[in-house]
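On a predicted model such as this, the values are computed, not experimentally measured, just so you know. In what follows, every chain begins at residue 1, and chains take the letters A, B, ... in the order their sequences are listed.
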Amino acid sequence: MNDKKDARNPSKLSRYVTVVAVGLIVGLVAALLMKTLNASAVSDKSYQDLQNSIIEYQRKNEELNNRNVHLYEYIRELEEDLASGKGGESFLRIVEEKEQYAIFAGLRAVRNKGVTITLTPMSGYKIQDIVIQQFVNELSALGAQAMSINDERKVATTEIRANQDSIIINGVAYSRESPFEIKAIVPPAKIDTYIVPYLETVAGNLRAQIGDDAVAITVRSEPSVTIPALEEDRIAYQKDLLMPVE
Amino acid sequence: MRYPMNMVSKRWYSIITVLLSVAFGLFLGYFLVQGRVLFRAKGSDAVAISDLRAELAVEKSKFEQLATRQQELETRKRTLLQIDSDNPSKEALYATWREYALLSGMTDVTGSGIRLTLDDKLNYNPVTDPIESLIHDSTVTYAMNLLWAAGARAMTLNGTRMTAISNISCVGPTILSYDVRLMPPYEIEAIGPVDSMRQAVESDSWFARLRQKEIGVRIALCEEASLTLPSFSKTHDFRAYMDLLIPVEGS
């Protein structure tokens, strides 16, 4: 009886050892796999993020440095003119800056190479404001520096919204059944290689969404496009609720 | 079928032994990984990350210094221009200069307005949640167009003043505005007629859809009796955004 028990014990022991070993290996492998994945993912992400942040800060610093040099020069001229009682260089600089503000605000007509997008509704179709907004947003993202929709200059406060049968731009109503022409001055080097093909893709996607027979969209590269100035009687010119901070 | 008592307890012993072994294996694995991470901390990856962090700190510090210097120079310039504008022969010139600076977003402005905050769905899951649960460039430009249409006079997006060229696009999971990467939440501050702007946001059907539980975009709106929006010049050089424009004579 005892011999039988002794003979059984070694196999029982080895069975326990095997079970414990397998359990250990399973736990070990699971822990190693999980941690290795997490550690490498986090490391790669933080490395990339850090590189991006550094590039972004370097670019900002370069830009700030240039602005400070420009400002310093401006102040030096102002101080010299104020000290001498004359209005030479600083006067010209103020006139120049005033004109630059006017151009940046959209208060001057401007020209250069660009693109024209024409949206022509087919009979009975009314153009949606979102179609015009999409092209305007795409052009902004493509680096457009000046834009107009039906010769209404797009400025900071320009709204593009549908109101029954019209689309309101700068407070002026345009029939949704008439063609809309969007003009933009964009980086010339990219016009034929990237901007026009990209806008044609956008046009294709829009046609697929709203239907081929709803609106005809043409995108043209223009050797010279003129964007008119914002007219002073437009609602977008309002500044009554703004108080400049001295 | 009934098992003898000692057989049941043996089976439990076996189960507990297996579970304990797995748990012990997990602990052992965890400590091994920790050891390896500590070992690797002395390795090239960790050194590179540490170097990048140091470089970033230097660039940030340089940025702070340059920004402070820029503020000082801007203040000095304004003071000198103020003195110079007392000259009667230049009064008209300065009046126009101020008007154009205001219209182009090159002046800090103050007034009553609203703050609209747009944020992605909490715990967004790309597998189960719709794409609208994230804030896209189109969501931001839609909100801005809505506010301009409601009469907004000046606006900022995460502290950057919007100008005639509201340069907003999507780059991966972030939004790029005037070449600066922005992360959610996106905060739009707008000066203008408060009631009209609030009503425009609250009654908009697209925003109502985004707020629905299955989309879950977080939209918060608060009214501000006095908002101050910074000039565009505080964050960017405006000349970089108009270098392609040739003025038409006589316009």
With a 4.5 angstrom heavy-atom cut-off, which part of [X] approaches chain A: side chain, backbone, both or neither?
X	value
B:Thr110	both
B:Ala67	both
B:Met162	backbone
B:Asp137	neither
B:Ser166	both
B:Ala152	backbone
B:Leu52	both
B:Thr235	backbone
B:Arg239	side chain

Pair B:Glu74 + B:Lys234, salt bridge at N-O below 4.0 Å: no
For A:Glu222, is there an ion pair with A:Lys113 - N to carboxylate O distance below 4.0 angstrom? no
Relative to chain B, which of [options] shows the most heavy atom pairs under 4.5 Å?
options	result
A:Gln51, A:His70, A:Arg59, A:Gln134	A:His70
A:Glu138, A:Gln145, A:Met243, A:Glu159	A:Gln145
A:Ile25, A:Ile94, A:Thr158, A:Asn65	A:Ile94
A:Lys98, A:Arg153, A:Arg67	A:Arg67
A:Gly106, A:Gly114, A:Ala102, A:Pro188	A:Ala102
A:Ile75, A:Val155, A:Leu230, A:Asn112	A:Ile75

Using a cut-off of under 4.5 Å on heavy-atom pairs, state which of [options] scores highest against chain A.
options	value
B:Gly192, B:Gly151, B:Ala101, B:Cys170	B:Ala101
B:Arg161, B:Met242, B:Arg153	B:Arg153
B:Leu80, B:Asn167, B:Leu20	B:Leu80
B:Ile168, B:Leu147, B:Leu81, B:Thr107	B:Leu81
B:Thr228, B:Leu146, B:Leu102	B:Leu102
B:Ala149, B:Ser169, B:Gly105	B:Ala149

Side chain / backbone / both / neither for [X] at chain B, heavy atoms under 4.5 Å:
X	value
A:Gln133	side chain
A:Glu63	side chain
A:Ala144	backbone
A:Val22	neither
A:Pro228	neither

Once the angle between the rings of [X] and [Y] is folded into 0 to 90°, is it parallel (under 30°), tilted (30 to 60°) or perpendicular (over 60°)?
X	Y	result
A:Tyr174	A:Phe180	perpendicular
B:Tyr94	B:Trp97	perpendicular
B:His236	B:Tyr241	perpendicular

Heavy atoms of B:Ile191 and B:Val109 approach each other most closely as CD1-O, 3.8 Å
Specify the closest pair of heavy atoms between B:Ala150 and B:Pro193, including all atoms of both residues, with the distance to one decimal. O-CG, 3.4 Å
Is the backbone of B:Ser233 close enough, under 3.5 Å, to the side chain of B:Ser231 for a donor and an acceptor to pair up by distance? yes
Exceeds 12 heavy-atom contacts within 6.0 angstrom, atom [atom1] of [X]:
X	atom1	result
A:Glu79	CD	yes
A:Ile130	CD1	no
B:Glu91	CD	no

Report all side-chain donor-acceptor pairs from residues 57-66 of chain B shorter than 3.5 Å, counting only partners two or more places apart or in another chain.
{"residue": "B:Glu59", "atom": "OE1", "partner": "A:Asn61", "partner atom": "ND2", "Å": "2.9"}

With ring-ring contact (aromatic ring centres under 6.0 Å, His included) as the criterion, how do B:Phe238 and A:Phe104 come out once you've worked through the C-alpha distance, each side chain's angles and the decisive distance to 0.1 Å? CA-CA 8 Å; B:Phe238 77 102; A:Phe104 192 56; 5.4 Å; yes
How would you list, by chain and number, every residue that makes a side chain to side chain contact (heavy atoms under 4.5 Å, CB included) with B:Ser50, sequence neighbours excluded? none
Applying salt bridge (Lys or Arg N to Asp or Glu O under 4.0 Å) to A:Glu97 and B:Lys77, what does each step give before you reach the verdict? CA-CA 13 Å; A:Glu97 192 172 66; B:Lys77 177 184 145 187; 2.9 Å; yes
